[in-house]
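We count ligands from 1, going down the list as the structure has it; atoms in each ligand are counted the same way. All values below come from the heavy atoms of this structure, side chains included, with hydrogens, waters and symmetry mates left out.
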Amino acid sequence: MEAIVEWPEPVVRVQTLAGGDTIPDRYVKPPSERPDLTATKAGLAKGVPVIDFSSLAAGGATEAVRAACRDWGFFQLVNHGIGSAAAARRAWHDFFALPMEEKQRYANSPATFEGYGSRLGVTKGALLDWGDYFFLHLSPPSDHAKWPSSPPKLREKTEEYCGAVGKVIEQVKKAISAALGVEEGFMEAAFGAAGAAVRINYYPKCPQPELALGLSPHSDPGGLTVLLPDDHVKGLQVRHAGEWITVDPVLGGLIVNIGDQIQVLTNGKYQSVEHRVIVNAAVERLSIAYFHNPQDDLVITPANEFVTRAEPAKYKPMKYKDYKMQIRMRGPGGKSHVDLLTNT
Ligand code: OGA
Ligand code: NI
């Protein structure tokens, strides 16, 4: 697939639309895709797995990690000891509050998606999501990095937080290896010198939240995502047992998602979680998503440990760079991207 380096049409910042009484047609989802904001799946939401990091790091959460990865594809992680999250979040709130012309200096393009953006996917005329974002490649470091120069220390605070998340991920990978019943270094070896990126999602107030989504249904393409949810505004929904469940984040916790590459690696044993974001009319919402991915040139394939005569390899190998590019061009598509890798 040819990479596209320019947006197909002028980019509109969602933040500039937040003050209206209605939303433009481009943001109105078809009825079948609209969220049901009145639904309470409280019973199911209570089942959302919560794992204590100190227990995980001590090797004491194997069964909980196994059940969470197998049955949900994600879990909340509490007691992780990362003290730098609040400062990073505050710095990004300040960034999104800057005057528009200041933020526009960092406008992104679909060549790398780095910088200030307002859409995923490059299809001309496609329906859009109610959110702006800032995307940064952390590792390998990018030549085109677009770190904002304001607010002061934003980069330092973000890198400090992301460095701490990277350390937590090392432990989570060991715990997942244990849960899979393979040797401790299995995940580490499979991902090699992993890549990392961070996306700060900013969902402005939406005058008609029942018609829109902050982020359309998708699974994360890479390995593991660690999401720092907003500390007081809910918005993340996961699809579980066919239902959209609103996650009620534990204060101070993180959310760990299984991505498509783990689904491929484990030959479907642990499936990536489909999720989306709902918005609301009262308050904006900010989240920080840290993506732990294979390096661009790595090809993840179903590991021998999970391929048997009864269960042959379910997924076709694809270089991560090509997979990522395909998704970036198409935009969010539920679980259709990983379905495309599935052998029939
Ligand atoms: C993402 C994502 C969820 C959120 O950035 O991939 O799913 O709550 N974010 O913002
Ligand atoms: Ni996601």
Side-chain angles (χ1 to χ4, degrees), residues 14-15 35 37 45 48 72-77 85 88-89 92-93 95-96 108 113-121 128-138 158 161-162 165 169 195-206 209 212-240 244-251 253-263 271-280 283-293 323-324 327-328 330-338:
V14 175
Q15 198 173 4
L37 300 180
V48 165
W72 290 80
F74 91 108
F75 53 87
Q76 301 206 56
L77 190 63
R89 184 173 14 225
W92 283 101
H93 260 296
F95 172 79
F96 284 101
N108 75 350
F113 275 80
E114 288 163 289
Y116 182 43
S118 298
R119 65 183 287 172
L120 303 164
L128 300 174
D129 289 338
W130 195 264
D132 299 323
Y133 63 85
F134 205 101
F135 187 59
L136 290 152
H137 295 184
L138 301 171
T158 309
Y161 167 70
C162 289
V165 170
I169 286 178
V198 64
R199 186 166 67 220
I200 299 85
N201 298 299
Y202 177 78
Y203 306 100
K205 291 181 202 178
C206 178
L213 287 171
L215 189 52
S216 285
H218 66 284
S219 54
D220 295 338
L224 286 167
T225 304
V226 172
L227 184 82
L228 177 68
D230 197 283
D231 49 356
H232 48 266
V233 189
K234 288 190 226 179
L236 175 69
Q237 293 192 319
V238 297
R239 179 131 57 188
H240 179 73
W244 285 109
I245 298 168
T246 304
V247 177
D248 196 358
V250 178
L251 194 64
L254 296 168
I255 294 169
V256 179
N257 286 346
I258 298 282
D260 294 343
Q261 300 302 315
I262 291 184
Q263 179 168 338
Q271 312 241 327
S272 58
V273 61
E274 186 176 1
H275 54 287
R276 69 180 186 183
V277 174
I278 54 173
V279 287
N280 73 85
V283 270
E284 63 196 27
R285 178 172 177 271
L286 187 141
S287 69
I288 302 183
Y290 175 103
F291 302 103
H292 177 82
N293 296 331
Y323 187 61
K324 175 173 87 175
I327 290 175
R328 284 192 185 163
R330 293 199 173 108
K335 290 214 50 169
S336 66
H337 302 300
V338 72

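When hydrogens are left out, the protein atom nearest atom 3 (C) of ligand 1 is V277 CG2, 3.6 Å; that is the closest non-hydrogen contact. The nearest protein atom to atom 8 (O) of ligand 1, hydrogens excluded, is given as R285 NH2, 2.9 Å; this is a heavy-atom distance. The single protein non-hydrogen atom nearest to atom 9 (N) of ligand 1 is N201 ND2, 3.6 Å, given as residue, atom name and distance. For atom 2 (C) of ligand 1, the nearest protein heavy atom (residue, atom name, distance) is L215 CD2, 3.4 Å. Annotation: atom 1 (C) of ligand 1 to nearest protein heavy atom, R199 NH2, 3.2 Å.
Looking at every heavy atom in both residues, S118 comes nearest to D132 through OG-OD1, 2.8 Å. Closest non-hydrogen pair, A212 versus C206, comes out as CB-SG, 4.1 Å.
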Discussion item. Between T225 and D220, does the side chain to side chain donor-acceptor pair (under 3.5 Å) criterion hold? Intermediate values first, please.
Written reply: CA-CA 7 Å; T225 304; D220 295 338; 2.7 Å; yes
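If you take CD on Q76 and CZ on F74, they are separated by 6.5 Å, rounding to the nearest 0.5 Å. Atoms CD1 and CZ, from I245 and R239 in turn, are 11.0 Å apart once rounded to the nearest 0.5 Å.
Residue-ligand proximity, D220 to ligand 1, at heavy-atom distances under 4.0 Å covers atoms 6 (O). Atoms of ligand 1 found under 4.0 Å from any heavy atom of A289, numbered from 1 in the order shown, are 5 (O).
When the N, O or S atoms of D220 are ranked by distance to the Ni ion (ligand 2), OD1 comes first.
By the 4.0 Å heavy-atom criterion, R276 is excluded from the residues contacting ligand 1. At least one heavy atom of Y203 sits closer than 4.0 Å to an atom of ligand 1.
Here the angle at the Ni ion (ligand 2) defined by NE2 in H275 and NE2 in H218 stands at 90°, rounded to 10 degrees.
With respect to P204, the side-chain contact (heavy atoms from CB on, under 4.5 Å) criterion is satisfied by exactly one of V14, V283, V279: V14. Checked options H218, H240, Q237; the residue passing with H275 is H218 (criterion: side chain to side chain donor-acceptor pair (under 3.5 Å)).
Checked against a 6.0 Å centroid threshold, the rings of W130 and Y203 do not count as neighbours.
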